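Contents: one structure, followed by commentary.
What you see is a predicted model; the values in this text were computed from it and never measured. Just so we're on the same page: letters track the sequence lines, and every chain starts at 1.
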Amino acid sequence: MISTKNLYKSFGKLEVLKGINLEVKKGEVVVIIGPSGSGKSTFLRCLNYLESPDAGIISLNNMQVDTQEVKQKEILALRRGTAMVFQGYNLFKNKTALENVIEALLIVKKMPKDKAIQLGESLLDMVGLKDKRDQYPSTLSGGQQQRVAIARAMAVNPHVILFDEPTSALDPELVGEVLGVIRKLAEENMTMIIVTHEMSFARDVADRVIFMDEGIIVEEGLPSEIFSNPKEERTKRFLRQIINR
Amino acid sequence: MNFYNIDYAYMVEVFPRILRTAPLTLGLAFSAMILGLIIATCLALTRVFKIRVLSTLTRVYISFFRGTPLLVQLFMLYYGVPQIIPSLAKMNAMTAAILGLSLHSAAYMAEIIRGAISSVEKGQMEACLSVGMTPMQAMRRVILPQATRVAVPSLANSFISLIKESSLAFTLGVAEMMAQARMSSAATYKFFENFLVALLIYWGISITIGFLQDRIEIKLNKAY
């Protein structure tokens, strides 16, 4: 469905991704864990070209993008086939909850307004925020903003949703409501790649867990394997640190 | 100073005569504002998107129009340039004044707009791109509307400056308020009364703009 081959990315002299190979199947939920600075977020941001990879191939369905000779059209196609949920929500501040959700439908998909509103309302309903449709982001809590952001990501009917630490900026008591929505999507077989520090959530929701460190995939496997019986020393050390916190 | 020398009756009489030219002043400033905003937005975007060559030309443009006197720019545009480019000789004084004022104010407004755009968080653009919008769609729908809110107070100042600077158009022969005040005073030698009336009308216009600015700010701030 979506895959990368030998994906490389450097910021100046700092090599952040050193050849990432990953294949995600339709309906699969892949959770990426790892210490900060390991390249998890950068990897996610390369998939929709918020960062431009230096080398490697990104495939989405039938499309293959060679990142060394990428065309503007391919970047747009990658972005239109994916959606992202950000750590800082990044809701459009000048638009209401509903407008946030339907903006891409109107502007990118050119959907008629009444149809877009109908779809937008049902998505807000799905994340439990139908009654907030006309409120601006500044009047919503972090958890509510993130749920609107998830509805916005769903709206474009993406092949895959990329979650970049979706709960890291939230107050602890608000984490649950966002994870609940993501869990619901997992049950509906939405394809998702999730970067998170919520280990128990990862264990629950993931079909596969990836452990990244220093720009490479160190280890991957079923959540039960990774969390209960990691093979690599680096994985063990990371999990020990997390659990002993 | 003897206040009894002021001819109040004359002021009352000349007031409507000068006020009648206020629409021309307003039209001049308003047209220059609109045209200036369009030019300024284009200039700002070359710098925001760091477009090669164009962003450098923008720097030169801003430096030139901010670094030279408006009066000389107006004279150059109306009297000078047509000697080199004869097809511009047909340009009338009003057109020249609007063009000159907008080119000048665009240099200031470009920096205001650029600053306002940079003040919008990077995440807003990323969110737009992540749902498949093009950078231009993102600008139009999300970034510029948010930047507008930041820019309005400074742009209102630019507009007030334009109202005042439009008085220079009399030097090109545009019959705006300053021209009328000069003409009446030359005929009657009542300089004090004429210029006082003109000043009061300019002041009134500026106060009105300030009032409108408050209204616009309240409206734009409702989302925040």
Name the option with the most non-hydrogen atom pairs under 4.5 Å to chain A; the candidates are B/Q137, B/R141, B/R140. B/R141

Just by distance, with hydrogens left out, do B/T68 and B/Q73 show a side-chain donor and acceptor under 3.5 Å apart? yes

Which of the residues A/V156, A/T82, A/L50 is involved in the greatest number of heavy-atom pairs with chain B at under 4.5 angstrom? A/L50

Under a 3.5 Å threshold, yes or no: a donor from one side chain and an acceptor from the other, between B/S158 and B/S105? no

Is it true that the NZ or CZ of A/R152 lies under 6.0 Å from the centre of A/F92's six-membered ring and within 45 degrees of the ring axis? yes

Check each atom of A/L78 against the heavy atoms of chain B and say whether the ones under 4.5 Å are side chain, backbone, both or neither. neither

So which of A/R79, A/K109, A/M84, A/Q135 has the biggest tally of heavy-atom pairs under 4.5 Å with chain B? A/R79

Between A/V85, A/T96, A/L91, who has the most heavy-atom pairs with chain B when the cutoff is under 4.5 Å? A/L91

Out of curiosity, A/N94 CG to B/T148 OG1, how far, rounded to the nearest 0.5 Å? 9.0 Å

Look at A/K95 together with A/E103 and state whether they make a salt bridge at an N to O cut-off of under 4.0 Å. yes

Between chain B and each of A/T139, A/I107, A/L162, A/N48, count heavy-atom pairs under 4.5 Å; write down the option with the most. A/I107

